[in-house]
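Each remark here refers to the structure printed beneath this line.
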Amino acid sequence: MFLQMHFYSKELSRAVEVNVLIPEKCRTATTPYKTLWLLHGLSDDHTAWMRYSSIERYANEWGIAVVMPNAARSWYTNTAYGANYFNFITKELPEVCQGMFSGMSPAREDNIVAGLSMGGYGALKLALTCPEQYGACISLSGSFDVTRRGRAYNLEEWKSVFGYEIESALDLAGSEHDLFALAKANKEGGKLFPKLYLWCGLEDTLVDINYAFDAHLNALDVPHVFKTSEGNHTWKWWDLHIQNGVNYILNKD
C-alpha cells in the first residue's frame, strides 16, 4: 500500500507532504512491525526514493514500513528561520504515523533511520541525538562535512539553517550540528549507539569526509560497518546500497 499523506504540521507551521509504504505483510501482521524512516538529499524531496529507486519492491521483500518525509533544504535541523524540521522528523511525524498505523512499532529496535547525502547526514544526526529512538542507522554518501573546512556553501543559506550568528561553517564545529562532536559526546557519556552502516562510492567527492568519519568512529571504538566500492553521487549506487544496508541491519546479508 502506497499512501501520500498531507497534514498540517505544528512544528513547521504549514501543510506537509509525506510518502508512506505499508507492505501487505505489515497490513496483515498480528505483531508490531518495523519502520524505515528514509531521508532525501539536498536537491530532492519526499518523492525521490519512489521515483529513482525500487524502494517499494524492497519494502515488500523486507516486510517493513517506509516513511519518506519532505524536509526541503533543512539539513534535518530546527532551522534559524523557524521551521523545526528536527522536531518534525523525530517527534511529530512518528506520533502521526504510529497513531494512524496501529501496527507501527515505537520500540527502538524496530526503527531504522536512513538517508543519502544530506539525508545521510540527517540520519546520523537523528540517530546520535536520539539514540533511544533509533536502533539502526544507514548513511549513503553522507555529507558529514557541514562543519568542516573545504566545503563549498552559500553562507547566507547556512545562516538561515544553522544560525544567523555564524560567520563560517567552522563556527559549527563542536555544536549540535557536528556529527564528529556528537559521536564523541555520546561515547564519553556512555550513551547508546545504533547499529551503524555507512557506505560511500570511491568516485564520490564526499568519500574523504566519509573516510574521516570512519576513522573517528574507530578512534572512539564505536562498532560500525563502513564500506566503499565503485560508485559516484548518483541513484544507480544508492538504489543498490540501500538494499545492502537494510539487509545488513535486518541480518539478511
Side-chain angles (χ1 to χ4, degrees), residues 9-12 16 18 20 26 29 31-39 62-69 71 74-79 83-115 118-140 142 144 146-147 162 172 174-198 213-214 216-226 242 245-246 248-251:
S9 165
K10 294 179 181 178
E11 293 290 351
L12 302 179
V16 295
V18 180
V20 180
C26 296
T31 57
Y33 51 81
K34 297 180 184 291
T35 302
L36 174 65
W37 304 88
L38 193 54
L39 311 182
W62 297 322
I64 64 175
V66 182
V67 179
M68 296 161 280
S74 69
W75 291 88
Y76 300 92
T77 292
N78 289 338
T79 66
N84 296 328
Y85 280 97
F86 182 87
N87 289 354
F88 169 65
I89 301 291
T90 61
K91 298 177 181 179
E92 186 176 22
L93 185 58
E95 289 177 1
V96 169
C97 289
Q98 290 162 11
M100 179 171 291
F101 308 108
S102 60
M104 191 175 282
S105 173
R108 176 181 186 265
E109 63 270 19
D110 291 332
N111 285 274
I112 307 162
V113 61
M118 179 186 78
Y121 163 85
L124 272 166
K125 183 174 185 177
L126 271 58
L128 294 177
T129 307
C130 305
E132 73 288 346
Q133 189 167 332
Y134 304 101
C137 175
I138 300 166
S139 173
L140 308 179
F144 303 150
V146 297
T147 66
F162 297 111
L172 298 175
S175 74
E176 63 186 297
H177 310 296
D178 185 346
L179 297 182
F180 290 76
L182 283 173
K184 185 172 185 291
N186 281 15
K187 182 67 176 182
E188 292 176 347
K191 291 186 178 181
L192 295 169
F193 276 87
K195 189 174 183 179
L196 293 173
Y197 182 95
L198 317 176
F213 193 68
D214 169 56
H216 184 65
L217 292 178
N218 284 331
L220 293 173
D221 196 26
V222 173
H224 67 288
V225 169
F226 173 56
I242 191 62
V246 175
Y248 167 75
I249 298 301
L250 298 179
N251 298 313

(request) Considering non-hydrogen atoms only, spot the tightest contact between T90 and C130 and give its length. (result) CG2-SG, 4.2 Å

(request) Would you mind reporting whether N218 and F226 have side-chain heavy atoms less than 4.5 Å apart? (result) no

(message) Measuring from atom CD1 of I138 to atom OH of Y197, what distance do you get when rounded to the nearest 0.5 angstrom?
(response) 8.0 Å

(message) If you compare all heavy atoms of N186 against all heavy atoms of P131, which two are closest, and at what distance to 0.1 Å?
(response) ND2-CG, 4.3 Å

(message) Holding to side-chain contact (heavy atoms from CB on, under 4.5 Å), I want the full list of residues that pass it with K187, two or more places apart in sequence or in another chain.
(response) F193, L220, D221, V222

(message) Quick one, V246 and I64 - any side-chain contact, counting heavy atoms below 4.5 Å?
(response) yes

(request) Can you see which heavy atom on L217 is nearest to which on A183, and at what distance? (result) CD2-CB, 4.1 Å

(request) Could you tell me the separation between the CD1 atom of I89 and the CH2 atom of W37, rounded to the nearest 0.5 Å? (result) 8.5 Å

(request) Can you see which heavy atom on D178 is nearest to which on L172, and at what distance? (result) CB-O, 3.7 Å

(request) Taking the side chain as every heavy atom from C-beta outward, state whether L182 and L124 have any atom pair closer than 4.5 Å. (result) no

(message) Would you compute the distance between atom OH of Y76 and atom CG of L126 and round it to the nearest 0.5 angstrom?
(response) 9.0 Å

(request) Measure the shortest side-chain to side-chain distance between H216 and K184 over non-hydrogen atoms and say whether it is less than 4.5 angstrom. (result) yes

(request) Answer whether the closest heavy-atom distance between the side chains of K125 and T77 falls below 4.5 Å. (result) yes

(request) Could you tell me how the ring of F162 sits relative to the ring of H177: parallel (under 30°), tilted (30 to 60°) or perpendicular (over 60°)? (result) perpendicular

(request) Could you check whether the rings of F144 and F213 sit parallel, tilted or perpendicular, using 30° and 60° as the cut-offs? (result) tilted

(message) Distance check, rounded to the nearest 0.5 Å: N84 atom CG versus T79 atom OG1?
(response) 6.5 Å

(request) Mind listing the closest non-hydrogen atom pair of P194 and Y134 along with its distance? (result) CB-O, 3.6 Å

(request) Output all residues satisfying side-chain contact (heavy atoms from CB on, under 4.5 Å) with K195, sequence neighbours left out; order by chain, then residue number. (result) A136, Y248, I249, N251

(message) Looking at every heavy atom in both S175 and A181, which two are closest together, and how far apart are they?
(response) O-CB, 4.2 Å

(message) Strictly distance-based, threshold 3.5 Å: is any side-chain N or O of K34 a donor or acceptor partner for the main-chain N or O of E109?
(response) yes

Quick one: side chains of residues 92-106, donor-acceptor pairs under 3.5 Å with protein atoms, not counting sequence neighbours, listed by atom name and distance.
residue	atom	partner	partner atom	Å
E92	OE1	S9	OG	2.6
E92	OE1	E11	N	3.3
E92	OE2	K10	N	2.9
S105	OG	A107	N	3.1
S105	OG	D110	OD2	2.7

(request) Hey, could you give me the CD/CG distance between E176 and L128, rounded to the nearest 0.5 Å? (result) 13.0 Å

